[in-house]
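Written below as structure tokens is the structure these notes are about.
A, B, ... follow the sequence lines: proteins, then strands. Residue 1 opens every chain. Everything numeric here is computed off the predicted structure, so don't read it as measured data.
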Protein chains: 2
Amino acid sequence: MAAIDLFLESGYENTTVDDIAAAAGVGRRTFFRYFRSKEDAIFPSHDEVLRDIERLFDEADDSQHPVEVACAGVTLVLDSYLSDPDVSVKRYTLTRTVAPLRDKEVASVDRYQRVLARYLRGRFETDGEPLPDLRASVAAAAVAAANNHVLRRWLRNGGTEDAHALADKAFRLVVDAFSATSRGSTGATDDTVIAVLRSSAPLAEVVQRISSSLATGERDTP
Amino acid sequence: MAAIDLFLESGYENTTVDDIAAAAGVGRRTFFRYFRSKEDAIFPSHDEVLRDIERLFDEADDSQHPVEVACAGVTLVLDSYLSDPDVSVKRYTLTRTVAPLRDKEVASVDRYQRVLARYLRGRFETDGEPLPDLRASVAAAAVAAANNHVLRRWLRNGGTEDAHALADKAFRLVVDAFSATSRGSTGATDDTVIAVLRSSAPLAEVVQRISSSLATGERDTP
DNA sequence: GATGCTAACGGCACGCAGTGCCGTTAGCAA
DNA sequence: TTGCTAACGGCACTGCGTGCCGTTAGCATC
């Protein structure tokens with residue numbers, strides 16, 4: 001849309017809806033038929049992506065770790081930005097500068113985050129995790145933040161870089177954080193093993209577990 | 001302010017600024033001198049709380065874990081809500097219902113989150129953590145989410161319950177999640193020890209470290 | 001007590017976002 | 001050609017937010 005370019009060259013405040021409509025060659029009334037508001041003119045259709053995420057969650061493999069599924073879901077958001085780098089970068093320079101646009105962006109991120117939290121809550125409940133509601137909210141926020149961090153970095157570099165590679169690293173960090181506290185043991189990096197053990201367990205068994213884990217790299221959850 | 005009650009009884013959309021001003025016994029122009037917008041009429045002064053948080057971070061003890069300090073910071077937000085339960089509960093029923101008010105609330109949460117992230121980034125950088133920027137964003141989001149979760153639960157129950165007790169539990173979960181992956185060893189619960197070791201280290205040394213940790217409960221970061 | 005200063009207030013008018021209403025027109029089918 | 005439908009665009013209206021300015025209350029000074 002031409003709106004984004006007008007905002008960039010003339011400023012958001014100085015650009016009226018009449019200007020945008022005129023630049024697009026349509027009437028002012030028609031503009032509001034296509035966009036709910038002046039702000040909406042530069043944002044993508046989040047509703048579609050939200051539906052895609054919901055569908056992905058419905059069809060998700062329950063054997064996969066919940067947080068990993070959530071990461072897969074939020075990756076759809078990332079992809080929607082990656083699919084049109086030019087517009088995404090332009091929009092980013094606006095959302096950094098113009099407060100109402102930034103707020104709008106933040107609000108849409110919150111919508112994604114709610115969908116993630118809802119899915120996670122369901123999974124945590126069936127998994128019998130303690131405090132499923134809290135865990136879901138926190139994990140959803142962490143996943144969304146990781147995604148946003150990658151996205152922003154990618155946008156700052158003008159759409160170069162391999163965003164998915166960055167995202168994998170970022171999601172790894174989040175998944176580890178939230179499976180380390182709830183699960184037994186998980187590899188943090190290739191050369192590292194994390195063991196969580198009860199100190200009341202016999203020392204011999206502890207040592208045995210540790211050494212086998214170090215040797216094979218396998219995960220062992222009692 | 002009388003605005004919040006007007007919104008509740010007549011609806012946000014149906015209440016004009018003239019109505020609020022008339023109810024408050026002041027001129028319409030005066031209303032806009034005290035509140036930047038119609039929405040702002042029901043929100044507290046976040047700027048003060050933000051300054052308090054910044055000050056707390058400036059004076060913070062660097063020996064404390066960064067995420068714990070961030071939790072202490074966001075607790076000031078919680079306190080600002082706790083200090084006036086009536087208004088907070090009323091506002092909550094509005095922010096749940098009215099989309100623009102909810103967006104405004106979300107935007108203010110984002111402001112807090114940015115302050116947390118900035119502090120955490122500084123700490124993580126000086127601590128030599130890997131990916132300090134990412135960790136800071138994710139941890140800040142998690143801390144904010146934990147706080148919001150507690151806050152919403154407290155608001156749903158009409159301001160009864162011990163919010164600080166809930167918050168302590170929630171923060172514990174977050175702190176554990178983010179210290180387990182980043183630090184050498186940390187007690188997750190009283191009876192648990194987490195050990196992170198390089199598999200390239202001699203097995204004998206590993207065993208020695210583990211057993212001493214299990215015995216004394218001390219933290220040992222090489 | 002009169003005079004000048006300052007700060008808050010309130011009225012007025014304006015620009016602009018967003019909406020409802022309605023006449024016009026283009027495209028298509030019978 | 002006639003009738004139908006859907007998109008368009010003009011018009012007017014409400015309401016938010018702001019700039020401008022006259023008024024007034026409070027206070028210090030001479």
Going by the salt bridge (charged side-chain N to carboxylate O under 4.0 Å, His left out) test, which pairs reach into residues 50-60 of chain A, not counting sequence neighbours? A:D52-A:R55, A:E54-A:R118
Base D:dG15 to side chain B:R28, donor-acceptor N/O within 3.5 Å cut-off: no
Answer yes or no: is there an ion pair linking A:R172 with A:D168, defined by an N-O contact shorter than 4.0 Å? no
Gap between atoms [atom1] and [atom2], on [X] and [N] respectively (whole Å):
X	N	atom1	atom2	answer
B:D40	D:dC16	CG	P	14 Å
A:F32	D:dG10	CZ	P	14 Å
B:N14	D:dT14	CG	P	15 Å
B:F31	D:dG15	CZ	P	15 Å
B:K38	D:dG15	NZ	P	9 Å
A:D18	C:dC16	CG	P	8 Å
B:F7	D:dG15	CZ	P	14 Å
A:I20	C:dG18	CD1	C1'	13 Å

Is the distance from the ring center of B:F178 to that of B:H65 below 6.0 Å?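 No.
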Show which side-chain atoms of residues 142-149 of chain B pair as donor or acceptor with protein atoms under 3.5 Å away, not counting sequence neighbours.
| unit_1 | atom_1 | unit_2 | atom_2 | d |
| --- | --- | --- | --- | --- |
| B:N148 | ND2 | B:A144 | O | 3.3 |
| B:H149 | NE2 | A:L134 | N | 3.4 |

Regarding the side chain of A:V26, the nearest nucleotide among C:dA17, D:dG9, D:dG17 is D:dG9
Taking only side-chain nitrogens and oxygens of A:T30, does any of them come within less than 4.0 Å of OP1 or OP2 of D:dC8? no
Phosphate OP1/OP2 of D:dC8 contacted by A:Y34 side-chain N/O (<4.0 Å):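 For D:dC8, OP1/OP2 do have a side-chain N/O of A:Y34 under 4.0 Å.
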Hey, can you tell me if A:H46 and A:Y81 have their rings parallel, tilted or perpendicular (30° and 60° cut-offs)? tilted
Return the polar atom pairs (N/O with N/O) between nucleotides 19-23 of chain D and the protein under 3.5 Å, or none.
| unit_1 | atom_1 | unit_2 | atom_2 | d |
| --- | --- | --- | --- | --- |
| D:dG19 | N7 | B:R29 | NE | 3.4 |
| D:dG19 | N7 | B:R29 | NH2 | 2.8 |
| D:dG19 | O6 | B:R29 | NE | 2.6 |

My understanding is that only one of B:R123, B:R121, B:R135 makes a salt bridge (Lys or Arg N to Asp or Glu O under 4.0 Å) with B:E129; could you say which? B:R135
With a cut-off of under 6.0 Å to the ring centre and 45° to the axis, is A:K38 in cation-pi contact with A:Y12? yes
